[in-house]
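Heads up: numbering here begins at 1 and tracks the sequence.
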Amino acid sequence: QVQLVESGGGLVQAGGSLRLSCAASGSIFSSNAMGWYRQAPGKQRELVATINSFGLTNYADSVKGRFTISRDYTKNTLYLQMNSLKPEDTAVYYCNHIPPRVGAGGQYWGQGTQVTVSS
């Protein structure tokens, strides 16, 4: 069973910082890449940051220069450092393998963690 448990979200004022963590049941070494997604109210889920098996990272233009994705193989944990947060960053944030792991119920997604940025 694939498990993805996101944590670290919360309420923060604009300009503040948060660090999100993702504990994965499977080894993050086994994925070509892992990523962080977010979904704001009334909007589609979007991919905001990725990291591949070599540590190469990519970011959506909306977060470039403000967010940093990283991983700790010894802890099998994925991180997203978010700085200079803006109200438009408010969303539920999800981590996942790329490609997502698939079971009988389709792709597995965790519960996400809520990030709310006040103005």
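The OG atom of Ser62 sits 5.0 Å away from the CD atom of Glu46 when rounded to the nearest 0.5 Å. Rounded to the nearest 0.5 angstrom, Gln3 CD and Arg101 CZ are separated by 13.0 Å. A distance of 10.0 Å separates CZ in Arg71 from OG1 in Thr57, rounded to the nearest 0.5 Å. One finds the OG atom of Ser21 at 10.5 Å from the CD atom of Glu6 (value rounded to the nearest 0.5 Å). Atom CD1 of Ile69 is separated from atom OG1 of Thr50 by 6.5 Å, given to the nearest 0.5 angstrom.
There is no path of hydrophobic side-chain contacts, each under 4.5 Å, that joins Val92 to Phe67. Hydrophobic cluster membership is shared by Trp36 and Tyr59, with clusters built from Ile, Leu, Val, Met, Phe, Trp and Tyr side chains linked at under 4.5 angstrom.
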Exercise. After noting the C-alpha distance and the side-chain angles of Tyr37 and Trp109, does the key distance pass the ring pair (Phe, Tyr, Trp, His ring centres under 6.0 Å) rule?
Worked result: CA-CA 10 Å; Tyr37 301 76; Trp109 293 87; 4.9 Å; yes
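Between Ala40 and Ala91 the shortest heavy-atom distance is N-CB, 3.8 Å. Between Leu85 and Leu18, the shortest heavy-atom contact is CD1-N, 3.9 Å. Here the closest non-hydrogen pair linking Gly35 and Ile98 is N-CD1, 3.7 Å.
In this structure, the salt bridge (Lys or Arg N to Asp or Glu O under 4.0 Å) partners of Arg66, at least two apart in sequence or on a different chain, are Asp89. In this structure Asn83 satisfies the side chain to side chain contact (heavy atoms under 4.5 Å, CB included) test together with Ser17, Gln81, sequence neighbours excluded.
Taking the ring axis of Tyr79 as reference, the NZ or CZ atom of Arg19 stays within 45° of it and closer than 6.0 Å to the ring centre.
Side-chain atoms of Thr74 do not come within 3.5 Å of backbone N or O of Asp72 as any donor-acceptor pair. Side-chain N or O atoms of Thr90 include one that pairs as donor or acceptor with a backbone N or O of Val117 at under 3.5 Å. When atom types are taken as modelled, the side chain of Asn76 and the backbone of Ala24 share a donor-acceptor pair closer than 3.5 angstrom.
Under the 4.5 Å side-chain criterion, counting only non-hydrogen atoms from C-beta, Tyr93 is in contact with Met82. Thr113 has its side chain within reach of Leu20: a pair of non-hydrogen atoms, C-beta onward, lies under 4.5 Å apart. Tyr94 places none of its side-chain heavy atoms less than 4.5 Å from the side chain of Gln111. Under the 4.5 Å side-chain criterion, counting only non-hydrogen atoms from C-beta, Arg38 is not in contact with Val115. By the 4.5 Å heavy-atom criterion applied to side chains, Leu4 and Cys22 are counted as neighbours.
Among Leu78, Asn58, Leu56, the one residue that satisfies the side chain to side chain contact (heavy atoms under 4.5 Å, CB included) test with Ile51 is Leu78.
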